[in-house]
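Computed from heavy atoms alone, side chains included, the values below leave out hydrogens, waters and symmetry copies. In what follows, every chain begins at residue 1, and chains take the letters A, B, ... in the order their sequences are listed.
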Amino acid sequence: MNYTTIQNIDSLSKWVKQALKIKKKPLKNKKLGKDKTLGMLFFNSSLRTRLSTQKAALNLGMNVMVMNFTNEGWTLEFEDGAIMNSGASEHIKEAAEVVSQYCDIIAVRAFAGLIDKEKDNAETVLSGFIKHATVPIINMESATAHPLQALADAITMAEYKTKHKPKVVLSWAPHPKALPQAVANSFLEMMQLQDADFILTHPQGYELNPDITKGVTVEYDQNKAFENADFIYAKNWSSYKDYGQVTNSDTSWTITAEKMKRTNNAKFMHCLPVRRNVIVTDEVLDSENSIVIEQANNRTFAAQLVLQKILKTKLDPKKATKKSKK
Amino acid sequence: MNYTTIQNIDSLSKWVKQALKIKKKPLKNKKLGKDKTLGMLFFNSSLRTRLSTQKAALNLGMNVMVMNFTNEGWTLEFEDGAIMNSGASEHIKEAAEVVSQYCDIIAVRAFAGLIDKEKDNAETVLSGFIKHATVPIINMESATAHPLQALADAITMAEYKTKHKPKVVLSWAPHPKALPQAVANSFLEMMQLQDADFILTHPQGYELNPDITKGVTVEYDQNKAFENADFIYAKNWSSYKDYGQVTNSDTSWTITAEKMKRTNNAKFMHCLPVRRNVIVTDEVLDSENSIVIEQANNRTFAAQLVLQKILKTKLDPKKATKKSKK
Amino acid sequence: MNYTTIQNIDSLSKWVKQALKIKKKPLKNKKLGKDKTLGMLFFNSSLRTRLSTQKAALNLGMNVMVMNFTNEGWTLEFEDGAIMNSGASEHIKEAAEVVSQYCDIIAVRAFAGLIDKEKDNAETVLSGFIKHATVPIINMESATAHPLQALADAITMAEYKTKHKPKVVLSWAPHPKALPQAVANSFLEMMQLQDADFILTHPQGYELNPDITKGVTVEYDQNKAFENADFIYAKNWSSYKDYGQVTNSDTSWTITAEKMKRTNNAKFMHCLPVRRNVIVTDEVLDSENSIVIEQANNRTFAAQLVLQKILKTKLDPKKATKKSKK
């Protein structure tokens, strides 16, 4: 099995329960990963993903090999049939097949370039690994998706929700730089797998990929969206329509304590790193209602659940199914 | 407990004895670090510290996650209340709290910038981690201190001294680039915790932070300082007065065999890396009296002692106290 | 023992047999490397070598410390007697002696600069480590040799050969950038240790170091060389005569399906990374006769054999000899 998109989750509620079990006894399956190797390939910067995924693997007794592909390896070519007489030294075909021989699982981070929408939507790097690798692939944030983050978000909301069907708001917030839509996309997809009163709010022009927002309630009035909310998830993304552009830096969209007052004492969430006093004010981020640190903590257990599922499937597909039926 | 400054040493003589015990049987406490994770965060280059601290952790059976923060992670903001709409992507508050969830101990290297004395004295990076992390912090060289080096120096001197109260000279030596005062500072502080005839020698204008040199004998005549010395510790640092400037490149301060003749057959020490024939001549560095390699070796046992103490305190504070009373 | 050149192989046929045994049960000697540490020092990019050598060490239960020397450590000086008042911060003498104290085995990658033939032939970096380190050294590709690759090549040919004395052709192929001669050199030296009908083919002006090609059949007509071949090994290298220059980019040397037809259904080999449709066409590389992926796989077992031999020699020289006599 791969874990490259929220669609790989067969039952979100089950996954969340399993992750919370792991959180209670993170070392319980220490033998599961014995003599298994996780290769972590980074094409972009990473703090939480880098350390939490490593930690998850260590909790399972796995070996980890970390590689910053861009500066430690060779420039990759992704196009089939390319005549490689200029930049790239190695084709994804060889790279993925070769790494598959040294690793039992490959985790890849490759952000959106935010220049060519079609190329980003094609998920050039991640798809290349999925296509050519011969071992399971984990998405550590690709051009359009960050499913490990969304899984951690689901775990966090399960821990903090006080009613069966909470009101959850994903709110755009300003940011000086152009950021990918990956976190928002996966959060949206994950929310569609659970029972919630879910609202997406952002300025005009910041509509996400319509394939992903199909059926999602969009409210352009942030204040209205916040009313009675139980969770406010803040995140910036650059325009999808004017692809990769920052068309709005309206600081009136910053999450403030005053806005939080409109909510039902909502918990504040963000995937981090967060720009203080741009995305959200210190007052909100430092308040008791901010659960961003716990959210980051749950990255470990999201990753560990995914690794555990892959290891069980890999080691003995039948056993894995049996166990998951219990 | 943290180990961020020489002040964290309660009894230098005890620590040195304990480190020498570890050196004899470095794998004796292999189980102590089981399932514990050391996070090593580098904001600057490192050879000895990088490898010896890792080695120390491995000797204790710990997991190690190494991260070159500057190019692998996000640019950090350290100022409280900052409106983060320009360079930095993440505040130290979140970074330190988050990493604390993945690691049982965090070790940090962040050199002096040598431009803003006040900022360096404030130890922006290290202090940020101390303030916001929720796990013990180890200083792998900060703006003003290098206590792991000074502890290794104390261990080395204990091994090589032939009398109870040796004469120890810390001598400035020339260097083409502006270097921090961290190593000299911690060496000075460490020397004040032991019985020695200690002299600091450097050209006029190279006075160190007066708060640290209070009570220390300063001799501007290097030749005079060397007389009858048992240990010569050479080190360059840039001016503290004309902060971060190289105001003197007088090669007459280079440590030579001729100068060493004035000593009592002194051992030669340096923290490394050392510029040959600038700081010290080949003749001295390659002589039998040079103990710089053993000094570097002792970095492992200094780090291991610190890790061991932290692990014992963390695992069971009472037990740690009992054990150290034996 | 070191493994820095093909000359360190006492019996290639025995080594190949031993490596193939390891390949069958790679975890059989998991205890051999317990509490032993491999330090991997990279002065250049690496994918296969980085991951396969790490994997080999993990298979033996070793600890691994990986360091990108160029940007994580200090610039090294290699000249004896140098007055180090400009670029380099540390002399190889100290660096090698110090790292030897933290590691039981040191593996080094340092490519040819391709500017100064004499300097490259002197193997400045590798020789520096060999001279000054006090632990065994493994060459992970140096200026003039890549013996781990050649050993993997020998293992791969042993697996795929269908006759005792196959015809093996090492063919130059075009490449847009100047590449070192290291892979070709070690392949040539390795071929001289086995019974084969070996031919080297390249354009005029691409003659390799005559000390290495002494006794080797050179055929300037690639088509003729390919006739009835059992193995075609493609590789680019820059000119040795016009040192480091690309004097020929004749695409008629690209390995094509048409050329492969002249062979005896030959297996296609390349050390990777390979430039598709420049070195070799997709058709050949994607054909059943291409064994480049298996060749890369065997890098693990080549490295593991070398590590295993060193560990056995180190742990108990007598026992190692005895065991190898069995």
Count the heavy-atom pairs under 4.5 Å between each of C/Glu90, C/Glu72, C/Met67 and chain B, then report the option with the highest count. C/Glu72
Note: vs chain B, highest number of non-hydrogen pairs under 4.5 angstrom among C/Thr37, C/Asp35, C/Asp80 is C/Asp35
Would a 4.5 Å heavy-atom cut-off, applied to side chains only, mark C/Val66 and B/Val66 as touching? no
May I ask you to test the B/Lys55-C/Asn63 pair for a side-chain heavy-atom distance under 4.5 Å? no
Structural part of C/Met65 lying under 4.5 Å from a heavy atom of chain B: both
Side chain, backbone, both or neither: which part of C/Ser100 has a non-hydrogen atom closer than 4.5 Å to chain B? neither
Backbone N/O of B/Ile293 and side chain of C/Gln101: donor-acceptor pair under 3.5 Å: yes
Heavy-atom cut-off 4.5 Å, strictly under: side chain, backbone, both or neither for B/Asn59 against chain C? neither
The side chain to side chain donor-acceptor pair (under 3.5 Å) partner of C/Glu94 among B/Arg48, B/His270, B/Arg276 is B/Arg276
Quick check for you: to the nearest 0.5 Å, what is the distance between C/Tyr102 atom OH and B/Gln54 atom CD? 11.5 Å
Determine the minimum heavy-atom distance between C/Ser89 and B/Pro273, stating which atoms define it. O-CB, 3.5 Å
Go through the steps for C/Val99 and B/Leu47 under the test side chain to side chain contact (heavy atoms under 4.5 Å, CB included), then give the verdict. CA-CA 8 Å; C/Val99 176; B/Leu47 170 59; 3.9 Å; yes
Less than 4.5 Å to any heavy atom of chain C: does that hold for the side chain of B/Leu51, its backbone, both, or neither? both
To the nearest 0.5 Å, tell me how far B/Leu58 CG sits from C/Met62 CE. 11.0 Å
CD (C/Gln7) with more than 12 external heavy atoms under 6.0 Å: yes
Give me the one residue out of B/Asn277, B/Asp282, B/Thr254, B/Thr281 that meets side-chain contact (heavy atoms from CB on, under 4.5 Å) with C/Ile83. B/Asn277
First locate atom CE of C/Met84, then atom CD1 of B/Ile279, and finally report the distance between them rounded to the nearest 0.5 Å. 10.0 Å
Is the side chain of B/Arg275 donor-acceptor paired with the backbone N or O of C/Asn85 at a distance under 3.5 Å, no angle test? no
One option among B/Asn297, B/Val64, B/Asn44, B/Leu285 has the most heavy-atom pairs under 4.5 Å with chain C, and it is B/Asn297
Can you say whether B/Glu294 sits under 4.5 Å from chain C via the side chain, the backbone, both, or neither, judging by heavy atoms? both
